[in-house]
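Everything on this sheet refers to the single structure shown next.
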Amino acid sequence: MPEEAGFPPAKRFRPGCGPPGGRVLMLLTPAASPYPEAVERQRRSLPIFPARGQLLAQLRNLDSAVLIGETGSGKTTQLPQYLYEGGIGRQGVIAVTQPRRVAAISLATRVSDEKRTELGKLVGYTVRFDDVSSEDTRIKFLTDGMLLREAISDSLLRKYSCIILDEAHERTVHTDVLFGVVKAAQRRRKELRKLPLKVIVMSATMDVDLFSQYFNGASVLYLEGRQHPIQVFYTKQPQQDYLHAALVSVFQIHQEAPSSQDILVFLTGQEEIEAVSKTCRDIAKHLPDGCPSMLVLPLYASLPYAQQLRVFQGAPKGCRKVIIATNIAETSITITGIKYVVDTGMVKAKKYNPDSGLEVLAVQRVSKTQAWQRAGRAGREDSGICYRLYTENEFEKFEKMTVPEIQRCNLASVLLQLLAMKVPNVLTFDFMSKPSPDHMQAAVAQLDLLGALERKDNQLTLTPIGRKMAAFPLEPKFAKTILLSPKFHCTEEILTIVSLLSVDSVLYNPPSRRDEVQAMRKKFLSSEGDHITLLNIYRTFKSLGGDKDWCRENFVNSRNMMLAAEVRAQLRDICLKVPAPWSLRTTSQASIRRCLAHSLFMSAAELQPDGTYTTTDSRQPVAIHPSSALFHCRPACVVYTELLHTSKCYMRDLCVVAAEWLYEAAPDYFRRKLRATRD
DNA sequence: GAGCACTGC
């Protein structure tokens, strides 16, 4: 039997680590509460409430602070209201950033309900495609990416008096870049004697010292959480086969625990999840009498929305829900009623190699932070139990924290945005966790090839094209593709293609129905590649008025298709605003391909005599991804949108091009390449 | 010959 281990003890609010605030506290207590009684009772019951006076007294005097609070402390919904009620930051807007759209929207909705105001008035939100805020908005929830976009047009973030960076421990690229942008804005506003900017970093445990040091030794305030106790068990022996171990654990729990207690299992990807789900269902059919029945539900991001929703429905009486999920259930989706968590300790994660420009998607060990996050999913409403399918000794060897995303992704977009904000000396930008110099250089090289950079007085700045590229919410190479399209008279088509590439795949591929999928898809396949194939699908979708039944029959994800249409409209608006030249629809698909060749010339591959492919850039052996329209073809020369290393190094989203188009697109670049291969 | 973690502008 696995042995029990303790959950890290909750940190308590530490009084007295700031200036005494008794006098101020009196002023803050409202004479009569404007809230209805039920809301007031609920607000007062939150762990953050007793700390209210003290928090305000301290925050009033601090430029920056780090607020540590566990799930359920009420910090995200209450703190912005406390600040507003306390008259802190009333000269401007109080911003609260979130890594995810749904969180920003639902938090704004809840806080405006508590305030009994109409959403979009006092309390509002801003996310892509959806701005529910107004002149009156004083508390604004937004995605961190959205605030970053705003910083491009005003790097001092002048409309904000206070910026609360929430969920900072997740360390998304956007949050990490914001740390630097907000810190610089704060300093600059002080120098210019403008309205001061208060910065509050909110995080679950961990990273505390890093955050505090980065913000010039900012005070750290601790809040008590309301997490229920969780018993954690480890295996006695290391497990060779975590899938088998997961199955054994699920059925062990299933035979012992009351059927109302649900199980959440963490695996790494779609294929694995579908396979384990099927095995679970098969075994569940042959269980002894008296054993409860079992409802097995897979959960991963590419699963159609309707199927994702099933995890929120209760199972019939006497039936246990077993949810088999990727790390989508770690943060993005919270399911109630989970009593047991089975953690395989594995995750599929992307790494980026700046030398080859290669993204590697590999199964690896989770970090300790991630393992605690997973365990925490068992204690949302009541005490929970977590089975870790690894030994305590193995756990001790896990990395303490997940490597921040900024150190393992392509930095071209980040660099373009920083340059658009006119950040001086971008290469030495004050990141909390610095990416390696190689990493930055790779991004410089990429932007340089796209014609986005120029050097003035030893400083990197943007060319006019570079500035236009930054206006698009896209990877720089896609922005460049759009800006090149008028030259080839195919802006309409390129807008469609780029939109489809920038949303999650519109093609739904259930592994169990592979043959059916292939048969249905045949009618859209183009021998010219995936871009033209996508264009064919979009055109049919549009001509049928976005028919959902058609989508289902043709294994097209209608949600992503609608999203692509929304993206397309946004990109078209930006083209008109920038302003980018425009062109009428082309009649030739060759000109679309030529446009792609001109913008993706650095991502090209050539057929070798032995039938394999090699990239023209780094002579890397690559293969055509099995999902590609060209999987069974052997074109002499292609450009691709993405290289992904899984079991092999695969090119994804390919387009057939003529080799001479590449040469005409970047003659200098190819001359250099040619010389390099000769040496 | 055979496959794709998760967000976000």
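Values below: all heavy atoms of this structure, side chains included; hydrogens, waters and symmetry mates excluded. Keep in mind that this is a model prediction, so the values were computed, not measured. In the text below, chain A, chain B and the rest are named by the order of the sequence lines, each starting its count at 1.
Residue contacts shown for A/R171 are absent, as no nucleic acid heavy atom lies under 4.0 Å away. A/D144 comes within 4.0 angstrom of nothing in the nucleic acid, heavy atoms only. As judged by a 4.0 angstrom heavy-atom cut-off over every strand, A/S627 is placed among the base-contacting residues. Within the nucleic acid shown, A/R100 comes within 4.0 Å of sugar-phosphate atoms alone, with no base atom in reach, counting heavy atoms only. At the heavy-atom level, A/T331 lies nowhere under 4.0 Å from the strands shown. Residue contacts shown for A/I328 are limited to sugar-phosphate atoms, with no base heavy atom under 4.0 Å away. Counting any heavy atom pair closer than 4.0 Å across all strands shown, A/V173 reaches no nucleic acid atom. Heavy atoms of A/Y300 sit under 4.0 angstrom from primed sugar atoms or phosphate atoms, though from no base atom.
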Only pairs under 3.5 Å count here: list side-chain donor-acceptor contacts from residues 630-648 of chain A, not counting sequence neighbours, and write none if there are none.
unit_1	atom_1	unit_2	atom_2	d
A/T641	OG1	A/H531	NE2	3.2
A/T641	OG1	A/D653	O	3.2

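In this view, A/Y160 satisfies the ring-ring contact (aromatic ring centres under 6.0 Å, His included) rule with no residue, not counting sequence neighbours. Remark: A/Y352 engages A/H439 in a ring-ring contact (aromatic ring centres under 6.0 Å, His included) (not counting sequence neighbours). Residues forming a side-chain contact (heavy atoms from CB on, under 4.5 Å) with A/V403 (at least two apart in sequence, or on another chain): A/Q407, A/R408. Taking the side-chain contact (heavy atoms from CB on, under 4.5 Å) definition, one finds that A/Y305 meets it with A/Q308, A/L309, A/R559, sequence neighbours left out. With sequence neighbours excluded, the residues satisfying side-chain contact (heavy atoms from CB on, under 4.5 Å) with A/K397 are A/N393.
For A/F398 and A/Y390, the ring centers sit closer than 6.0 Å to each other.
Scanning DNA chain B 5' to 3' for nucleotides with an atom closer than 4.0 angstrom to a non-hydrogen atom of chain A gives a first and last hit of B/dG1 to B/dC9.
Remark on DNA chain B: of its neighbouring residues A/R652 and A/T126, the 5'-side contact belongs to A/R652, judged by nearest-heavy-atom nucleotide.
Applying the ring pair (Phe, Tyr, Trp, His ring centres under 6.0 Å) rule to pairs touching residues 554-576 of chain A yields nothing, sequence neighbours excluded.
Of the residues in residues 148-155 of chain A, those with a non-hydrogen atom less than 4.0 angstrom from any atom of DNA chain B are A/R149.
Remark: A/E150 engages A/K159 in a salt bridge, criterion side-chain N to carboxylate O under 4.0 Å.
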